[in-house]
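Inspection log for the structure reproduced underneath, given as structure tokens.
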Amino acid sequence: MPQPEGSTPAERLAAAFGWSDGELAVGGVSLTTLAERHGTPLYVYDAERMRESYRALSEAVAGFAGIYYSIKANPNPAVARVFVGEGAGIEIASAAEYIAARAAGATPERILFAGPGKRPDELAYVIEHGIGEIHLECAEEIARVAAIGAALGRPVSVAVRINPSAAAQGGAMRMGGKPSPFGFDEEELETVIDTVTAQPALRLTGIHLFAGTQILDADVLAGQWLHGLRLAARAARHLGRPLETIDLGGGLGIPYFSSETALDLARLKERVGDLVAVVRDEPLIRDAAIVIEPGRFLVGPAGLYVAQVLASKVSRGTRFLVLDGGMHHHLAASGNLGQVIKRDYPIVAATPRGRETALCTVVGPLCTPLDTLARQAALPDCQAGELIAILQSGAYGLTASPVGFLSHPTPAEVMVDGGKVTEIRPRGSFDVPMALPGMGAGTGR
Ligand SMILES: Cc1ncc(COP(=O)(O)O)c(C=O)c1O
């Protein structure tokens with residue numbers, strides 16, 4: 001990987017992709033070349049950087065946990081295929097994500113299905129086609145999965161998703177420890193286990209926790225995982241037999257803002273050593289397959305959102321760059337995807353490197369002030385036709401955005417792998433299928 005260089009934090013992050021003749025490049029291919037071939041706006045993903053993240057994390061959790069890629073972070077099958085190729089399983093939250101996971105090469109037993117509202121037709125679809133484990137999140141789902149399993153004559157492997165207590169908190173978006181639609185409250189663990197084990201069509205294999213997302217502190221993460229292990233041991237004691245699986249969730253963060261630093265994987269590895277000892281000392285969880293299911297950490301740093309400047313204008317002393325892309329493709333960068341404080345994603349001019357910068361506001365083409373991609377961006381004096389890249393954009397980008405708003409074309413997605421460029425989604429054709437293959441009528445869409 002080239003040495004990070006550059007005068008702003010964003011330029012230093014960009015340097016991890018590399019430069020070619022002073023232009024920002026991915027896998028040696030300049031953004032200008034990619035934009036000429038695939039148009040703008042454009043999502044660009046670097047497969048080699050995905051592998052780097054996967055391998056670094058695998059190394060940190062080696063001997064403790066396996067990795068399932070949370071495909072909601074970026075459901076393009078070509079992206080998921082990179083992780084499947086590295087040995088990852090896939091965590092899904094819908095039947096369409098199941099299809100994406102299979103298209104990426106995941107075998108059914110390496111797919112986990114979690115989510116607070118799984119429709120009966122989705123459950124039937126995955127049970128019929130094969131699934132590693134379904135994570136049960138409410139009483140109705142226990143009954144539904146049991147009925148489908150019984151009707152198909154197939155016992156279904158299930159885990160109980162637990163909404164952990166406040167003791168397991170941390171991270172930017174807390175998803176546990178408070179009233180929550182995700183899973184069962186920790187306080188109900190034993191009752192839920194009894195309800196599940198009373199169903200002959202269900203095989204209770206494990207428990208699942210997901211305590212929060214965008215966690216940058218290795219100790220907070222390890223604390224959550226320890227809490228999960230204790231809960232798993234408690235569940236196994238109540239069951240009276242060892243657990244087969246323990247899913248400790250995702251939530252590993254990446255730095256977006258200059259105040260944030262990357263998750264310290266060396267520290268995480270140290271803490272994992274302690275956790276391995278905890279597992280070894282508890283016979284009822286000693287042989288369980290422990291998994292984590294990160295999304296953002298694996299794919300976020302590998303992606304760029306590239307847009308073209310349409311206008312550079314000054315209004316009452318503030319310089320605005322108006323781009324051909326905006327929040328309809330990248331809601332998170334506009335600060336409207338659940339952020340409490342709107343802060344700027346790292347943003348750079350694609351070419352050339354090393355120009356003097358001044359603060360400006362970067363906006364998209366939508367007719368709303370919400371469509372602001374950066375408020376205080378240090379950028380050179382870019383003119384119409386120049387390219388701007390938003391970094392850390394591989395996760396929760398295109399598919400986490402209101403692509404239909406104002407009916408602009410959707411961007412293409414391209415994957416660069418060692419200099420080879422593949423268009424993995426064409427421009428303007430982001431269609432949600434009206435019916436999923438083999439599901440018949442009544443998909444609810
Ligand atoms: C159940 C579950 N697993 C994994 C993830 C992935 O989270 P992250 O991308 O923060 O790792 C999410 C995100 O919402 C989730 O809900």
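As a basis for the values below, the full set of heavy atoms in this structure was taken, side chains included, without hydrogen atoms, waters or symmetry mates. We count ligands from 1, going down the list as the structure has it; atoms in each ligand are counted the same way. All residue numbers in this chain count up from 1 along the given sequence.
- Contact atoms of ligand 1 toward P294: 11 (O) (distance under 4.0 Å to a heavy atom of the residue).
- The shortest N or O to N or O distance between G295 and ligand 1 is below 3.5 Å.
- What you find for L331 and S401 is that their closest heavy atoms are N-OG, 2.9 Å.
- For R51, the CZ atom is densely surrounded, since the number of other residues' heavy atoms within 6.0 Å is greater than 12.
- For ligand 1, the polar-atom distance check finds an N/O of R296 within less than 3.5 Å of one of the ligand's N/O atoms.
- No N or O atom of F210 sits closer than 3.5 Å to an N or O atom of ligand 1.
- Each of the atoms 8 (P), 10 (O) of ligand 1 lies under 4.0 Å from some heavy atom of T213.
- The closest approach between G251 and ligand 1 falls below 4.0 Å for a heavy atom of the residue.
- A salt bridge does not link R427 to E413: none of the charged side-chain nitrogens sits closer than 4.0 Å to a carboxylate oxygen.
- The closest non-hydrogen atom to atom 9 (O) of ligand 1, taken over F297, Y68, Y396, comes from Y396.
- The side-chain heavy atoms of V363 and L323, taken from C-beta on, include no pair separated by under 4.5 Å.
- The side-chain contact (heavy atoms from CB on, under 4.5 Å) search around A395 returns A73, R296, V299, not counting sequence neighbours.
- Counting heavy atoms under 4.0 Å from ligand 1, residue S70 touches it through the side chain alone.
- Interface atoms of ligand 1 facing R161, defined by a heavy-atom separation under 4.0 Å, are 1 (C).
- In plain terms, the two heavy atoms of G249 and D247 that are nearest each other are N-OD1, 2.9 Å.
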| query | Where do Y345 and H330 land on the ring-ring contact (aromatic ring centres under 6.0 Å, His included) test, with the steps shown first? | reply | CA-CA 11 Å; Y345 267 44; H330 201 339; 5.4 Å; yes
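- Taking all atoms of both residues into account, the shortest heavy-atom contact from H129 to Y98 is O-OH, 3.1 Å.
- Ligand 1 places these atoms under 4.0 Å from at least one heavy atom of G250: 11 (O).
- At under 3.5 Å, a nitrogen or oxygen of E293, whether backbone or side chain, sits near a nitrogen or oxygen of ligand 1.
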